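Since the structure is predicted, the reported quantities are computational estimates derived from the model, not experimental observations. Start at 1 with the first residue, then count along the sequence.
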Amino acid sequence: MAGIGITDLIVLEMSKQGRAIFASGSPFDPVDYKGKVYTAGQANNAYIFPVFDFGLVISDAIRVHDEMPLATALAGQVMEEHLAKGMIYPPFTNIRKISAHIATKVAAKAYELGVATSLP
């Protein structure tokens with residue numbers, strides 16, 4: 001198997017099971033396997049901690065609640081076209097727009113829960 005990459009190995013292993021969920025902290029090239037192209041999502045912290053924190057900062061939130069919609073706000077940005085490619089995260093090409101969307105949702109929830117100390 002000389003010359004085969006880690007993503008290729010993961011896709012080959014996925015084929016044995018028939019399904020898998022895969023995202024990497026680093027970007028990988030798409031993999032063509034049996035005529036279908038699979039794109040590994042990039043699941044690093046860029047979509048999570050800085051964006052969530054930004055939502056807290058812009059609202060001056062004094063508490064963090066489980067109801068703050070980080071996961072659902074991110075998941076809502078994964079479109080059918082991404083899922084069809086095997087992606088479980090939205091592509092990084094949209095990170096600015098998606099980050100603004102998530103931070104806004106987190107801040108809005110902080111206001112709704114009464115933990116925001118700045119004016120909306």
(message) Strictly by salt bridge (Lys or Arg N to Asp or Glu O under 4.0 Å), give each pair with a member in residues 63-83 just once, sequence neighbours left out.
(response) none
(message) For residues Met79 and Ile98: do they belong to one hydrophobic cluster (side chain heavy atoms under 4.5 Å, members Ile, Leu, Val, Met, Phe, Trp, Tyr)?
(response) no
(request) Give the minimum heavy-atom separation between His82 and Pro91, together with the two atoms involved. (result) NE2-CD, 3.3 Å
(request) For residues Val78 and Ile88, report the shortest heavy-atom separation together with the two atoms involved. (result) CG2-O, 3.4 Å
(message) When you measure from the side chain of Ser118 to the backbone of Ser59, do you find a donor-acceptor pair of N or O atoms at a distance under 3.5 Å?
(response) yes
(message) Side-chain heavy atoms under 4.5 Å apart, restricted to Ile/Leu/Val/Met/Phe/Trp/Tyr: what other residues fall into the cluster of Phe54, or is it alone?
(response) Ile58
(request) Could you pull out all residues at least two apart from Val57 that satisfy side-chain contact (heavy atoms from CB on, under 4.5 Å)? (result) none
(request) Any pair with a residue in residues 108-119 that passes salt bridge (Lys or Arg N to Asp or Glu O under 4.0 Å), sequence neighbours left out, goes on the list, sorted by first then second residue, please. (result) Lys109-Glu112
(message) Once side-chain hydrogen bond (donor to acceptor under 3.5 Å, both in side chains) is applied, what residue pairs with a partner in residues 97-107 remain, sequence neighbours excluded?
(response) Gln77-His101
(request) Answer whether the closest heavy-atom distance between the side chains of Ile102 and Phe52 falls below 4.5 Å. (result) no
(request) Scan Asp60, Ile62, Leu56 and name whichever one has a side chain to side chain contact (heavy atoms under 4.5 Å, CB included) with Val115. (result) Ile62
